[in-house]
Amino acid sequence: MIVEVEKQNHGIDLIKIDNDDTYIVFTNYGARIVCWKYHDNNIVLGNKVEADEFYPENPYKFGATIGRYAGRIENASFNLNNKYYQLEENEMTNQLHGGSNGLDRRLFDYEIQNNITNIKVIFKLQIQSKEDGYPGDMMIKVIHTYDVEHRWTIEYEATSNEDTLFNPTNHVYFNLNRDNNVIDNHSIISEQLKMYPIDQNHLISSQQPIDLLERFNHRPIQFQDIFNSEDKQIKEQIYFNKGLDHPFDIGHHRLIVENNEFALDVETTMTNIVIFTFNDTSEWKSDFNIYKPHSGVALETQYLPNDINNEGNKAKSILKANVPFYAKTIYHISEK
Ligand code: GAL
């Protein structure tokens, strides 16, 4: 395996890892993945050449580390230890993805470890309560490891000096099709596929998820089966979202996404995955925006969004002062 660093403008570096059949690129801007290729097939959305302009402008958060809190917090506020916290409202009255000063927009320090069977890029960042309004100053590490088996592993390590919320994810979008055509032909496979209904503001509207394995009697289930479903509840969810933007319970912390050529095996220590099929691509007025709806699917491993308001002090996103946080997600790509 070979690793090279390319310096760009504004302190943005590209860290390029070559592993013969596959190639992967990370950047310190938001501890992101920028590119992942299997031979000449780019399997993630990104732009490896012009990262310095592309990423700060891109509102879709391609490949970025999201935090402190992935997804929406209703009314941008919550109670923790009987104290009320008001956060920045950056999507109507809610907060999305940690606010405008979230981890996706921060330059991380990093070091590279070149090991025999893998290369590790250890990204580090210190954040302060006054920068984003959450309680606690935190030390955060995001460790991207790429190994000879074409496995990309993300590990999150963090500590806070006060009780806080921490629900990080990576906002990578996949497209396994060689021709980059829409992801409607991709299948999703897991021992459990339960989808939480959401409301017009994309917040979970019911704690009773829709059991897709029960509603569809064929396997595997493709995205287009869900998009074209005649089931009343599914149809309504797809209609007003123009696709999926839903938290899922999956079985045994594992989900496989595949097309006829490639399989992507996702394993995580987190409890849920938000599946977002990039439903509206019109928001970004830029020549860089070459994307049509459904040109990628984000597989965001995380705790249930808005858990602090739905579950109170049982919320999994609560991180106690000085208790180390650890989470891991592995994306493994293979040819079928
Ligand atoms: C997703 C979110 C979508 C959309 C997208 C863009 O995680 O659920 O509704 O906002 O991020 O960043």
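- Cluster membership for Ile122 and Val5, using ILVMFWY side-chain heavy atoms within less than 4.5 angstrom, is not shared.
- The OH atom of Tyr156 sits 11.5 Å away from the OH atom of Tyr326 when rounded to the nearest 0.5 Å.
- Looking only at distances, a side-chain donor or acceptor of Glu88 sits under 3.5 Å from a matching main-chain atom of Ser100.
- In this pair, Tyr146 and Trp36 present their aromatic rings perpendicular. The plane angle is above 60°, beyond the 30 to 60° band.
- Listed by first and then second residue, the ring pair (Phe, Tyr, Trp, His ring centres under 6.0 Å) pairs that reach into residues 188-232 are Phe216-His218, Phe227-His294, sequence neighbours excluded.
- Partners of Glu267 according to the salt bridge (charged side-chain N to carboxylate O under 4.0 Å, His left out) rule, which considers only residues two or more places apart in sequence or in another chain, do not exist here.
- The aromatic rings of Phe123 and His144 sit perpendicular to each other, their planes meeting at more than 60°, with 30° as the lower class boundary.
- Aromatic ring pairs are classed by plane angle as parallel below 30°, tilted from 30° to 60° and perpendicular above 60°; the pair Phe26 and Trp152 is tilted.
- Residues Met270 and Pro168 have side chains in contact (heavy-atom distance under 4.5 Å, counting atoms from C-beta outward).
- A distance below 6.0 Å separates the ring centres of Trp284 and Phe54.
- Using a 4.5 Å heavy-atom threshold, the side chains of Glu149 and Asn118 count as separate.
- Screening Asp307, Asp132, Thr164 for a side chain to side chain donor-acceptor pair (under 3.5 Å) involving Tyr69 leaves a single residue, Asp307.
- Side-chain contact between Tyr331 and Phe174 is present, with heavy atoms from C-beta onward closer than 4.5 Å.
- Each of Val121, Val34, Ile119 was evaluated against Ile15; a single residue qualifies, Val121, per the side chain to side chain contact (heavy atoms under 4.5 Å, CB included) test.
- No donor-acceptor distance shorter than 3.5 angstrom exists from the side chain of Thr277 to the backbone of Asn279, with no hydrogens or angles considered.
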